[in-house]
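These notes concern the structure reproduced below.
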Amino acid sequence: MTTSGFKHFKRPEPLFRLFAPLTALPGVGDKLASVISKRVGSHVIDLLRHLPCGVIDRSKRPAISQIEHGSIVTLEVEITGHDKPPRRSRRPWRVAAQNKTGRVDLVFFHARGDYVEKLLPLGARRIVSGRAEMFKDKVQIAHPDHVIAPDKEDDMPRYEPVYPLTAGLTAKTMAKAMKAALEGIPELDEWINPDIVNRFGWPEWAKAARSVHSPHSDADLMPNSPERARLAYDELLANQLALALVRIGSGVDEGRAFPDQATDGLAAELTRNLPFELTPAQLRVIDEIRADQIAPRRMLRLLQGDVGSGKTVVALLAMLHVVSGGAQAALLVPTEILARQHHATLTGFLAPLGITPGLLHSKMKAGKKRDVLAALADGTMPIVVGTHALLSDNVSFNDLGLAVVDEQHRFGVRQRLVLGDKAKGVDVLVMTATPIPRTLAMTAYGDLVASQIDEKPPGRKPVITTAVPLDRSDDVIERLRGAIKAGKQAYWICPLIDESDSLDIAAAEGRHTELRTALPEAATGLVHGKMNAESRDTAMESFRSGESRLLVATTVIEVGVDVPNASIMIIEHAERFGLAQMHQLRGRVGRGDDQSSCLLLYKAPVSETARARLSIMRESDDGFRIAEEDLRLRGPGEVLGQRQSGDPDFILADLAHHGDLLALAHDEAEGILSRNPMLSGDEGTRLKLLLSLFERDMAVTYLAGG
Ligand code: ADP
Ligand code: MG
């Protein structure tokens, strides 16, 4: 059943260089490539999409006496003296320089050999550029960015882009790699409707791709500069086209009709056995889903419901409906931990029905994996929970009838396309706890229909949220001691923005050790993404069973973890978390009968945005409001810094600023496909190039109906 039609679609030749690995660039070796790929991505195109967040104007040549502390200046000076430190001294090497407007010191730490003397020979004239500082009333520049002879002035770029960097990645190496990447940009035929290009005065693609990397002013960095807006529109158009292709091409009529089983069948049996009453909201969405399932069209439905609203059981009922009809159902989740958790939950629910769900993730032992794959292929495994591993080529289903995607904001359109490709006309139910604003919903789902669970199971009390500065963590630990004595359980979350950030892991480990010592009675456990599965399982299990009262975790537990007795959520460095993320985390508590609380530990001083986030968290427990505020508060700078936790579908477009372009792209995509449904002719060729550029190639297979 896994025809994977998209594999037959070849990436157009003009794009080869863009999708080459970084090492294909002249001057970029394995080492540099691996440093860049940690932050940016491993292909040339990823580098080109890494946009500057600032610009340095090297043309400012103030009088030395007028220089402001911290400004970037360029000066032409004569070298008048060298104060070389004695050997082994830690004193820096100071070079005295001057011009008509004053004197300046050029300072070098750890200078080796005669490097400084060669760079700045006594008596020579040099142009130096760098950040000026006031030190004991004198102007100095430590390690100038540029030092050049006056006749080589043109070697220094007048405007220098500033890129978001990371440990190990310096501005110089970035500039070098970027230069090589920029030289390989191909000219591509225009895919945007000329009326639109003219209306906005947008440059053509190659020009835009180059000039976003040579900003001349802050205005050029704004999301609505012509270059940035154009590239954002390209991305949005590719997204909307892909979604429209999937929707139209996958055939709304091509689904299958499962027999109605409102009163008999496995779903009904489970409902009778549930330890609780389904809420009216759950019952309503179950009906909506069932209507889709029994209708002969394909289901593409979004199930929205705040954290803790009870989506899992709704999904399970939908899965059972399909299983009763003789087909299989898969639940796709973003992390291994969550896969295990869901697998355990489902196993519990399904035991009375005599069904054993399968589990699939990439870290499984080969033998076990083989068994699961075989059981999926021959249909003996009716229900499977898994991670991205479910999407790999070697997974094939005997008869996949329903794919449920949980916490979908972690998945891109691409993954959903692959999933849809695993079986023809497979019903798709996408669950999300982060209520998505309209614009986001449009980009992620096109015209997907939404169901909402807009109430929580009865008896839940709102979580009391407070913000406390981190330097009062001792008090917090004392209060925790009391709470644990009183039988409560708590999470202590440490930030982990980047899965591979060893500093953050170390901080979490440090906190764990500290809490173990301070609160020996709590049997504090630790889970983070870098641990092996067994230790993580042990820690989770021991927390679930109540043996361990405190769990230190990085954000790996963000989604889906369900321990009803846990009633305290402590988020350390809350200022580093996004709103949606904090709301998700807070949703881990407030599930049982106890009054729950959430403590946001922040490190002062916090930025204005972070402060705003903290106060929204204190004021509101409404996921919708929080999601909206989240989008509003994301300034362009922060968005750049938070890519990994942002929307996986967009790199260039920023929905907070490009909402109007999104609407335009939506209408264009619809127009194009109603005019030219098979994307044929020159127009089709150009648009396929666009889809390919944004790796939406597989959408093209839907032209032929899947
Ligand atoms: P989420 O929507 O965040 O995925 P879950 O499905 O994990 O929420 O449900 C949260 C908890 O509420 C689970 O322990 C679940 O068994 C329980 N639950 C679900 N529906 C109900 C209900 N109608 N009444 C009481 N508890 C429920
Ligand atoms: Mg859930």
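The structure presented is a predicted model; accordingly, all values stated were derived computationally and were not measured. Order of appearance sets the numbers: ligands from 1, and atoms from 1 within every ligand.
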Given salt bridge (charged side-chain N to carboxylate O under 4.0 Å, His left out), test D406 with K311 step by step and report yes or no.
-> CA-CA 9 Å; D406 192 14; K311 295 183 292 297; 5.8 Å; no
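Evaluation of the side chain to side chain donor-acceptor pair (under 3.5 Å) rule for Q595 yields no partner, not counting sequence neighbours. Residues that satisfy the side chain to side chain donor-acceptor pair (under 3.5 Å) test with T345, not counting sequence neighbours, are absent from this structure.
Comparing Q282, K311, K456 by heavy-atom distance to atom 2 (O) of ligand 1, the nearest is K311. Here the shortest heavy-atom distance to atom 5 (P) of ligand 1, taken over T312, L278, T345, belongs to T312.
The closest donor-acceptor contact from the side chain of Q293 to the backbone of H321 lies at 3.5 Å or more, if one exists at all.
Ring-plane geometry between F543 and Y491 is classed as tilted, the angle between the planes lying from 30 to 60 degrees on a 0 to 90 degree scale.
For the pair G305 and ligand 1, no heavy-atom separation below 4.0 Å is found.
Where the criterion is an N or O separation shorter than 3.5 Å, residue side chain and backbone included, P457 fails it with respect to ligand 1. Considering backbone and side-chain N/O of G310, one or more are found under 3.5 Å from N/O of ligand 1.
When non-hydrogen atoms are compared, ligand 1 lies under 4.0 Å from the backbone of D306 (N, CA, C, O) but not from its side chain. When non-hydrogen atoms are compared, ligand 1 lies under 4.0 Å from the backbone of E277 (N, CA, C, O) but not from its side chain.
Shown in contact with S309 at under 4.0 Å from a heavy atom are these atoms of ligand 1, numbered in order with element: 2 (O), 8 (O). Close contacts of ligand 1 with T279, meaning ligand atoms under 4.0 Å from a residue heavy atom, involve 23 (N).
L236 contributes atom CG, which lies 5.0 Å from atom CZ of F650 (distance to the nearest 0.5 angstrom).
Residue L266 comes nearest to S324 through the heavy atom pair N-OG, 2.9 Å, listed as atom of the first residue, atom of the second, then distance.
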